[in-house]
Amino acid sequence: MSTGSAPLRLLDDASTGELYRAAEEILTACGTDTTSPGLLWRVREHAARLGRPLRHQCRPVDTDAGLFVLRGLPVDDAALGPTPTGWATAGDAGARHDIALLLLATVMGNPLAWEGQQNGRFVHNIVPSAGHERAQTGAGSTVLLSPHTEDAFHPARAHLLMLACMRNHDRVATTAASIRRVRLDEAAVDELTRPALPILPDDAYSGPREHTGPAPRVPALWRTGDGLTLRFDPAYTPLGEATPAYAAAYGRLAGELARVSVAVCLAPGEVLVVDNDLVVHGRVPFTPRYDGTDRWLKRASVHVPGRRTRPPAEEAEHGYGQKAALAHAIL
């Protein structure tokens with residue numbers, strides 16, 4: 001099984017056909033620049049016309065796993081070309097899949113991009129990069145990518161994360177763990193709902209990090225009417241500043257997330273959709289070859305309009321000077 005224990009949703013041939021016909025029409029009319037206002041306008045227009053069966057498969061996460069795998073995208077390994085040597089050299093490689101992913105993201109919500117990451121693109125290429133093997137970013141490879149919520153440092157982080165597999169000959173697993181499956185006592189939850197420590201920007205961001213005031217301290221957990229949500233990135237959290245009680249509770253949370261973690265080995269044409277308020281994700285180590293056959297994912301982030309799953313205090317955070325942009329609306 002390529003999808004481990006992740007809930008699976010299948011796009012039928014008719015849905016896949018209409019998705020890629022729309023992508024090809026947009027590509028022909030607008031080219032490959034997915035930051036182009038004209039292209040984004042056409043994406044929104046075409047997404048609104050996609051059929052009910054496809055839209056049903058793009059419905060919100062509906063299990064305590066906090067994720068699902070969407071299967072059925074047509075990925076031809078030979079036609080795809082070699083895996084890029086880094087995101088900066090990817091150019092328009094796999095452009096039709098970029099547009100298809102943007103269409104799916106638009107059905108689910110509103111695609112989100114960062115000015116300081118991958119040149120503001122709405123679809124990122126996640127590939128191993130020489131010299132970054134031990135990095136705690138998508139460019140890393142030979143070390144475990146620590147389980148984390150995406151862009152945890154920022155109040156405008158995505159509600160949904162989409163990882164579309166283009167190539168994965170070595171069956172490198174993405175790890176995922178849901179806060180809804182952990183077991184924590186109330187004392188630990190109480191400790192972790194305090195805004196005790198900051199989460200710092202990760203190394204994938206470039207450009208200035210200008211902001212006013214100290215790094216905001218944020219809670220790792222938040223209680224909602226539906227259950228716990230989380231904001232978690234131990235690789236960029238200064239845990240050395242924690243009190244003993246907080247450090248112990250944080251360690252229990254990390255241990256529980258490890259206990260309930262599942263390994264999702266994506267195959268080409270599968271898209272892992274993760275609720276970023278419920279699930280931490282990571283990646284097992286692997287040895288890259290840099291020969292054009294390495295693992296290659298495409299990533300899209302999605303804002304869900306009207307969603308209220310986060311502490312109101314986040315609205316006052318400065319975001320370390322990093323700015324988010326939405327494809328179809330003002331955030």
Side-chain angles (χ1 to χ4, degrees), residues 23 26 32-48 58-61 66-68 70 87 90 95 97-126 137-138 148-164 174 199 201-207 209 211 218 229-233 236 271-281 297-311 314-315 317-331:
I26 295 167
T32 61
D33 181 6
T34 57
T35 65
S36 160
L39 183 146
L40 294 173
W41 182 84
R42 285 181 181 264
V43 164
R44 182 171 61 181
E45 182 182 52
H46 280 271
C58 293
R59 67 191 183 276
V61 169
L67 54 81
F68 61 87
L70 189 65
W87 72 262
H97 299 296
D98 290 350
I99 296 172
L101 193 59
L102 269 179
L103 285 162
L104 292 173
T106 300
V107 172
M108 295 184 194
N110 200 337
L112 182 152
W114 298 96
E115 291 182 6
Q117 192 175 33
Q118 296 207 13
N119 290 339
R121 294 183 173 121
F122 285 94
V123 178
H124 295 169
N125 287 287
I126 307 301
T137 68
H148 62 284
T149 49
E150 190 73 359
D151 300 317
F153 74 95
H154 205 285
R157 63 196 179 279
H159 294 113
L160 301 175
L161 175 70
M162 304 175 70
L163 297 172
T174 300
I199 300 175
D202 69 57
D203 295 334
Y205 287 83
S206 62
R209 298 179 180 179
H211 57 88
V218 301
T229 62
L230 82 168
R231 185 178 182 180
F232 186 81
D233 194 348
Y236 293 94
V271 184
L272 176 62
V273 181
V274 171
D275 187 314
N276 198 40
D277 288 328
L278 301 183
V279 172
V280 295
H281 70 282
L297 304 182
K298 287 184 178 286
R299 178 177 66 199
S301 297
V302 184
H303 170 78
V304 179
R307 184 163 169 176
R308 297 288 182 266
T309 53
R310 295 169 180 172
E314 289 192 10
E315 296 177 7
E317 294 179 25
H318 50 57
Y320 300 90
Q322 299 293 343
K323 295 182 180 179
L326 290 177
H328 309 306
I330 297 173
L331 186 62

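Between Phe122 and Thr34, the closest heavy-atom pair is CD1-O, 3.5 Å. Shown here for Asn119 and Trp87, the closest heavy-atom pair between the two residues is ND2-CZ3, 3.6 Å. Taking each heavy atom of Pro111 and Ala105 in turn, the nearest pair found is CG-CB, 3.9 Å. Here the closest non-hydrogen pair linking Gly138 and Ile126 is O-CG2, 3.5 Å. For the residue pair Gly66 and Val279, the shortest heavy atom distance occurs at O-CG2, 3.4 Å. Residues Cys58 and Val107 share a closest heavy-atom pair of CB-CG1, 3.7 Å.
A 4.5 Å side-chain heavy-atom check between Phe153 and Tyr236 finds every atom pair outside the cut-off. Side chains of Thr32 and Asp98 form no contact here, defined as non-hydrogen atoms less than 4.5 Å apart. Between Thr229 and Asp275, the closest side-chain pair of non-hydrogen atoms is not below 4.5 Å.
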(request) Go through the steps for Val43 and His328 under the test side chain to side chain contact (heavy atoms under 4.5 Å, CB included), then give the verdict. (result) CA-CA 9 Å; Val43 164; His328 309 306; 4.2 Å; yes
(message) Quick one, Arg310 with Glu317, criterion salt bridge (Lys or Arg N to Asp or Glu O under 4.0 Å). Give me CA distance, side-chain angles, the key distance, then yes/no.
(response) CA-CA 13 Å; Arg310 295 169 180 172; Glu317 294 179 25; over 6 Å; no
(message) Quick one, Leu160 with Ser301, criterion side chain to side chain contact (heavy atoms under 4.5 Å, CB included). Give me CA distance, side-chain angles, the key distance, then yes/no.
(response) CA-CA 6 Å; Leu160 301 175; Ser301 297; over 6 Å; no
(request) Please report the C-alpha distance between Thr309 and Asp277 in whole Å, then the side-chain angles of each, then the deciding distance to 0.1 Å, and finally whether the side chain to side chain donor-acceptor pair (under 3.5 Å) criterion is met. (result) CA-CA 7 Å; Thr309 53; Asp277 288 328; 2.5 Å; yes
(request) Starting from the C-alpha separation in whole Å, work towards a yes-or-no answer on side chain to side chain contact (heavy atoms under 4.5 Å, CB included) for Val302 and Asn110. (result) CA-CA 5 Å; Val302 184; Asn110 200 337; 5.6 Å; no
(request) Give the intermediate values and the outcome of side chain to side chain contact (heavy atoms under 4.5 Å, CB included) for residues Thr149 and Leu230. (result) CA-CA 8 Å; Thr149 49; Leu230 82 168; 4.0 Å; yes
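Atom CG of Asp151 is separated from atom CG of Leu161 by 8.5 Å, given to the nearest 0.5 angstrom. To the nearest 0.5 Å, atoms CG (Leu101) and CG (Leu163) are separated by 9.0 Å. For the atom pair NE2 (His281) and OG1 (Thr174), the distance works out to 8.0 Å, reported to the nearest 0.5 Å. Taking NZ of Lys298 as the start and NE2 of His97 as the end, the distance is 8.0 Å to the nearest 0.5 Å. The line from CG of Leu112 to NE2 of His159 is 9.5 Å long, rounded to the nearest 0.5 Å. Note that the CG atom of Leu102 and the CG atom of Leu40 stand 6.5 Å from one another [nearest 0.5 Å].
In this structure, Arg42 has no side chain to side chain donor-acceptor pair (under 3.5 Å) partners at least two apart in sequence or on a different chain.
Within the 3.5 Å criterion, the main-chain N or O of Gln322 finds a donor-acceptor partner in the side chain of His154. At distances below 3.5 Å, at least one donor-acceptor pair connects side-chain atoms of Gln118 with backbone N or O atoms of Asn125. Distance alone, capped at 3.5 Å, places no donor-acceptor pair between the Arg121 side chain and the Asp33 backbone. Between the side chain of His148 and the backbone N or O of Glu150, no donor-acceptor pair lies under 3.5 Å. Under a 3.5 Å cut-off, the side chain of Arg44 and the backbone N or O of Trp41 do not form any donor-acceptor pair.
Checked for salt-bridge contact, Asp233 and Arg157 miss the test: no charged N lies under 4.0 Å from a carboxylate O.
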